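One structure is given below, encoded as structure tokens.
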2 protein chains.
Amino acid sequence: MKLTPIMQKYILHWGEMGTRWGVNRTVAQIHALLYLSPEPLHAEEIAETLSVARSNVSTSIKELQSWGLIRVSHMMGDRRDHFESLKDLWEMFSVIMEERKRREIDPTLTMLRACELEGSNDHETPEEIKQRISDVREFMETISNYYEQMRQVPSPTLIKLIKLGSKVTGLLGKK
Amino acid sequence: MKLTPIMQKYILHWGEMGTRWGVNRTVAQIHALLYLSPEPLHAEEIAETLSVARSNVSTSIKELQSWGLIRVSHMMGDRRDHFESLKDLWEMFSVIMEERKRREIDPTLTMLRACELEGSNDHETPEEIKQRISDVREFMETISNYYEQMRQVPSPTLIKLIKLGSKVTGLLGKK
DNA sequence: CAATATTTTCAGTATTAACTGAAAAGAGTG
DNA sequence: CACTCTTTTCAGTTAATACTGAAAATATTG
């Protein structure tokens with residue numbers, strides 16, 4: 001696949017953004033490429049297009065699959081796996097949120113609860129500090145619950161809500 | 001400052017979480033330490049407590065200050081700078097959101113708009129691909145505007161809204 | 001302003017994370 | 001089942017990032 005300057009700019013920027021969010025640059029670039037690509041691409045083609053090793057693509061593809069951001073597809077008469085990205089940005093966003101919650105927020109909540117539990121028979125940690133930890137736990141639970149609730153809302157409704165956000169807050173602001 | 005096992009667990013976990021979000025481990029640890037600490041700490045003490053070089057603390061402190069997450073304070077009769085973290089988690093959260101927007105979302109929007117502009121007199125990039133880029137731009141603008149709106153809402157109101165989120169969505173869900 | 005305390009800078013080093021190329025494993029074909 | 005095509009694995013290398021210690025800069029005191 002030949003990249004036009006615009007595509008290059010987009011893909012490179014996405015790679016850099018990735019690193020800022022703890023995502024490996026190649027993984028982010030491949031994701032950007034597949035998002036732009038009108039057709040599913042096979043690993044070899046991805047490697048050539050981005051000038052990275054075939055094996056690097058293999059690993060990165062696995063990573064993207066584990067996030068649920070890309071899917072494998074097949075072409076008649078071609079044995080190679082082809083890959084395509086989710087194209088719906090709202091869906092993509094929600095998949096990423098979901099996965100980050102599962103991988104990062106949930107384990108953090110587990111750790112926080114463990115701290116609280118240990119805290120109950122630990123008299124060397126000052127109460128004030130224990131309280132801080134409980135505050136974090138509570139805060140993260142609140143955010144987490146809120147997210148869980150929003151996830152229930154059918155996405156067209158949620159999208160409308162978000163787009164109309166200004167009106168809602170317009171009212172509230174006047175309070 | 002002596003760390004109890006609970007504090008250690010908390011600080012170490014926070015450090016690891018940091019790296020997953022593109023934040024340097026030491027920076028995250030210092031932030032966690034200052035968040036827990038009942039009193040402001042000076043750099044020397046931070047370095048000792050976390051077993052890192054004094055100079056590392058200096059750099060990390062600068063980083064945290066640039067994010068607006070910690071403030072310098074002074075003690076009578078002590079020339080050293082002391083540092084304390086924001087303690088209000090909602091405020092902390094909003095400061096981080098704000099800064100990430102400024103550093104990452106806004107530049108990305110700029111890049112996307114530049115792509116669109118270049119796109120108007122580029123006939124080698126397929127329309128479909130240009131459209132994808134526009135979709136991302138639109139998506140990010142929507143999220144960004146929504147965020148901007150929410151930021152206007154006085155925080156006690158926003159907190160109530162988020163805590164009551166379930167009720168709102170309960171209604172919507174039945175639609 | 002000399003002496004001391006404190007913070008910052010920065011060149012060099014260490015650590016971690018990412019990537020490559022080659023070899024192994026797996027899958028499909030005739 | 002031997003051959004070819006494709007994907008995965010992994011040891012070794014490279015690149016990026018983080019960290020240290022010493023020196024320089026800055027600030028404060030008497």
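Keep in mind that this is a model prediction, so the values were computed, not measured.
The CD-P distance, from B:E63 to C:dT7, rounds to 19 Å in whole Å. Rounded to an integer number of Å, the gap from CD1 of A:I30 to P of D:dT7 is 13 Å. Look at CD1 on A:I46: it is 15 Å from P on D:dT6, rounded to the nearest Å. We find that CG of A:D81 is positioned 12 Å from C1' of C:dG28, with the value rounded to whole Å. Rounded to whole Å, atom P of C:dT7 lies 13 Å from atom CG of B:L41. Note: CD (B:E44) to P (C:dT4) measures 18 Å, nearest angstrom. Regarding B:H42, its NE2 atom lies at a distance of 8 Å from the P atom of C:dT6, rounded to whole Å. Residue B:E45 contributes atom CD, which lies 18 Å from atom P of C:dA5 at whole-angstrom precision.
Between A:N56 and C:dG21 there is no side-chain N or O to OP1 or OP2 distance below 4.0 Å. A close approach under 4.0 Å does not occur between any side-chain nitrogen or oxygen of A:S55 and OP1 or OP2 of C:dT20. For B:T26, a side-chain nitrogen or oxygen approaches OP1 or OP2 of D:dC19 to under 4.0 Å. A:R80 has a side-chain polar atom (N or O) that falls below the 4.0 Å cut-off from OP1 or OP2 of D:dT6.
Using a 4.0 Å cut-off between a side-chain N of Lys or Arg and a carboxylate O of Asp or Glu, A:R137 and A:E116 qualify as a salt bridge. Salt bridge A:R113/A:E141: present, at least one basic N to carboxylate O contact under 4.0 Å. Contact check on B:R102 versus B:E98 returns no salt bridge, with no Lys/Arg side-chain nitrogen under 4.0 Å from an Asp/Glu carboxylate oxygen.
For B:R100 and B:W67, the positive end is not near the middle of the six-membered ring at less than 6.0 Å and at most 45° from its axis.
Side-chain contact, A:T4 with B:E124: no donor N or O sits under 3.5 Å from an acceptor N or O.
You'll find that the side chain of B:T59 is closest to C:dT9, out of C:dT9, C:dA27, C:dT7. Candidate nucleotides C:dA5, D:dC5, C:dC19 were compared by shortest atom distance to the side chain of B:R79, and C:dA5 ranks first. The side chain of B:K62 approaches C:dT8 more closely than any other nucleotide in the set C:dT8, C:dT20, C:dT7.
Nearest-nucleotide positions on DNA chain D for A:R54 and B:R54 put A:R54 closer to the 5' end.
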